[in-house]
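Below is one structure, written out as C-alpha cells, with a few remarks after it.
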Amino acid sequence: MDDIRPNLPQKPVRFMDQLRSHIRSKQLAYSTEKTYCSWIKHFIHFHNRAHPKDLGAEQVDAFLSYLAVDRNVSVNTQKTALNALVFMYHQFFNIQLGTLQFVPSVTPQTLPTVFSHREAMAVINQLQGVYKLAALLMYGSGLRVMECARLRIQDVDFENNCIVVREGKGRKWRRTILPEVSLDTLKVQIQYALALHNKDIGEGFGEVYLPDALEKKYPCAARNPAWQYVFPAKNTAVDPRGGTIRRHHIGEKQIQRKVKLAIQAAHVYKKSGCHTFRHSFATQLLQSGADIRNIQELMGHSDLSTTQIYTHVIGVHERGLCSPVDKTIYE
C-alpha cells in the first residue's frame with residue numbers, strides 16, 4: 001500500500017505534519033505530497049536543520065544554486081525543488097520570496113527513451129499473467145504505471161473500446177484507447193477480480209477504498225463490483241486510514257520490478273522501465289500519422305509542448321534522412 005497517505009493527528013503540532021495537512025487541504029496528489037516534503041526536508045538539512053520560517057530568499061537561492069553547481073541536477077529536478085519551496089513559502093507560510101537569483105541548472109533536458117515496436121513486444125512477451133497484461137495496457141493505452149495499478153472495473157469500456165483514466169496525474173480525467181489484442185485477457189482478469197470480490201464478501205469483507213470521500217456520499221459503493229480494482233492485490237490488508245480490512249490493488253513497485261527483469265531478459269540495453277511503454281505509445285502513434293493534438297488528449301498532457309517533445313524523437317526518420325555512409329546501399 002505504498003500509495004496510501006498515512007494518517008495525521010487531528011491537530012498537527014509538528015512542522016512536517018502541519019505542512020502535509022496543508023498540502024492535503026489543497027487536494028494535491030500523494031506523489032506530489034511526498035516529493036514536496038522530500039525536497040523541503042532536504043532544504044532544512046542543507047541549512048543545518050534551521051526552521052524554514054527563519055530562512056528566506058537568500059537561503060532558497062543558496063540551496064537551488066547548490067543543486068545546480070554541486071549536484072549537477074537537471075533543469076526539471078531543480079524546477080521541482082523550486083516548486084516545493086515556493087509552495088511552502090507562498091501557500092503555507094503566506095510569505096512572498098520576491099525575485100530569486102539562484103544559479104539555474106544548465107543540464108539539458110534529455111529526449112525520452114522509447115522502445116521500437118519489436119522491443120516493446122519482446123519485453124511484454126517476457127512477462128506472465130497480470131504483469132503481462134499491465135505492460136500491454138501501458139504500451140497499448142499509454143497508461144502510467146500508477147494508472148494501470150489503480151484501474152477499476154468501471155473504467156474499462158468494452159462497448160466503446162476505451163479506458164477512462166479517473167485517477168491520473170494531477171487528478172485529471174481522460175479517455176484513451178483500449179487495445180483490441182488485450183480484450184480477451186482483460187475480460188478474464190475482470191472475471192477473476194469479481195470472483196475474488198465475491199469471496200471477500202462471503203468472508204465478511206469486500207469493501208474497496210473510494211477516493212474523494214465518496215464512501216460517505218455513497219455508503220454502499222465500496223462493495224459495488226464496478227468500483228473493484230482490475231488488478232487486485234493477492235491478500236487483504238488493514239487500511240491504515242481507518243483500520244478497515246480491504247483488498248487493495250497490486251503494488252506499482254511490483255509491476256516495475258517485473259518489467260525491469262523482463263527488459264533484461266529481452267536483452268534491451270536501454271535505460272528504460274514502465275514509463276518507457278508510455279513514451280513508446282506516443283511515438284508509435286506519431287509514426288502512424290496521428291494528429292499531435294489527439295495524442296495530447298490521449299496522453300492527458302495539459303500543455304501541447306509536453307507532447308511535442310516526441311516529435312524530436314522520431315523527427316529524423318520522419319523526414320527521410322539517412323547517414324551519408326549509407327548512400328552506397330542505395331546507389
Side-chain angles (χ1 to χ4, degrees), residues 1-8 24 27-34 129-138 141 143-160 162-176 178 182-183 185-258 274 300:
M1 295 190 179
D2 52 6
D3 63 338
I4 294 179
R5 302 174 193 258
N7 285 333
L8 295 174
R24 294 178 190 185
Q27 297 190 330
L28 299 183
Y30 183 40
S31 57
T32 303
E33 175 185 325
K34 289 189 288 186
V130 293
Y131 303 108
K132 183 172 185 176
L133 178 57
L136 199 59
L137 293 178
M138 287 187 286
S141 305
L143 300 183
R144 298 177 176 89
V145 63
M146 70 169 187
E147 295 168 347
C148 191
R150 299 175 190 179
L151 199 64
R152 308 214 187 217
I153 291 174
Q154 65 180 347
D155 300 336
V156 183
D157 187 343
F158 289 108
E159 291 298 318
N160 293 303
C162 71
I163 290 176
V164 180
V165 180
R166 305 174 196 269
E167 297 184 56
K169 186 177 180 180
R171 301 171 62 84
K172 293 179 292 187
W173 287 31
R174 73 179 192 278
R175 287 160 62 99
T176 187
L178 175 59
S182 70
L183 296 182
T185 310
L186 193 50
K187 288 176 181 176
V188 171
Q189 177 62 27
I190 288 175
Q191 289 303 313
Y192 166 77
L194 290 173
L196 203 57
H197 174 55
N198 288 332
K199 176 178 175 291
D200 288 343
I201 289 177
E203 294 176 355
F205 308 120
E207 290 188 359
V208 72
Y209 166 73
L210 298 182
D212 303 324
L214 288 175
E215 194 166 5
K216 293 181 180 178
K217 188 174 182 180
Y218 305 109
C220 298
R223 286 174 171 259
N224 191 313
W227 279 101
Q228 306 309 306
Y229 292 114
V230 172
F231 297 108
K234 185 176 180 180
N235 300 311
T236 56
V238 177
D239 190 331
R241 288 164 292 204
T244 305
I245 296 178
R246 305 185 192 275
R247 188 177 296 278
H248 204 49
H249 56 71
I250 190 172
E252 296 168 28
K253 291 182 180 178
Q254 287 178 263
I255 302 174
Q256 290 168 335
R257 282 194 293 267
K258 292 290 185 179
C274 287

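These values consider heavy atoms only, across backbone and side chains, with no hydrogens, waters or symmetry-generated copies. For clarity, every value in this text was computed on a predicted model and none was experimentally measured.
Side chain of Arg152 to backbone of Tyr229: no donor-acceptor contact under 3.5 angstrom is found. Put simply, the side chain of Gln228 gets close to the backbone of Asn224: a donor and an acceptor are under 3.5 Å apart. In terms of modelled atom types and a separation under 3.5 Å, the side chain of His197 and the main chain of Arg223 share a donor-acceptor contact. A donor-acceptor distance shorter than 3.5 angstrom exists from the side chain of Trp173 to the backbone of Arg166, with no hydrogens or angles considered. Side-chain N or O atoms of Thr176 include one that pairs as donor or acceptor with a backbone N or O of Ser141 at under 3.5 Å.
Closest non-hydrogen pair, Leu178 versus Asp157, comes out as CD2-O, 4.0 Å. Residues Ile201 and Gly206 approach most closely at CG1-CA, 4.0 Å, considering heavy atoms. Scanning both residues, Val208 and Trp227, for their nearest heavy atoms gives CG1-O, 3.6 Å. Contact detail for Leu210 and Ala221: the closest heavy-atom pair is CD1-CB, 3.7 Å. Scanning all heavy atoms of the two residues, the minimum distance from Leu136 to Ser182 falls at CD2-CB, 3.8 Å. Across Cys148 and Met138, no two heavy atoms sit closer than the pair CB-CG, 4.3 Å.
Every residue two or more places apart in sequence or in another chain was checked for a side-chain hydrogen bond (donor to acceptor under 3.5 Å, both in side chains) with Arg257, and none qualifies. Judged as a side-chain hydrogen bond (donor to acceptor under 3.5 Å, both in side chains), and not counting sequence neighbours, the contacts of Asp200 are Arg247.
With rounding to the nearest 0.5 Å, the separation of CD in Glu147 from CD1 in Ile163 is 10.0 Å. Note that the CD1 atom of Ile255 and the NE2 atom of His249 stand 9.0 Å from one another [nearest 0.5 Å]. We find the CZ-CD1 distance between Phe205 and Ile245 to be 4.0 Å, quoted to the nearest 0.5 Å. Remark: Gln254 CD to Lys234 NZ distance equals 10.0 Å, nearest 0.5 Å.
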Working for side-chain contact (heavy atoms from CB on, under 4.5 Å), residues Arg175 and Val164: CA-CA 5 Å; Arg175 287 160 62 99; Val164 180; 4.1 Å; yes

Gln256/Val145 under side-chain contact (heavy atoms from CB on, under 4.5 Å): CA gap, chis, key distance, verdict: CA-CA 8 Å; Gln256 290 168 335; Val145 63; 3.7 Å; yes

Would you list the atom pairs, donor with acceptor, under 3.5 Å between side chains in residues 187-195 and any protein atom, with sequence neighbours excluded?
from   : atom 1 : to     : atom 2 : distance (Å)
Gln189 : NE2    : Val230 : O      : 2.9

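Between Glu252 and Arg144, no side-chain nitrogen of the basic residue sits less than 4.0 Å from a carboxylate oxygen of the acidic one, so the salt-bridge criterion is not met.
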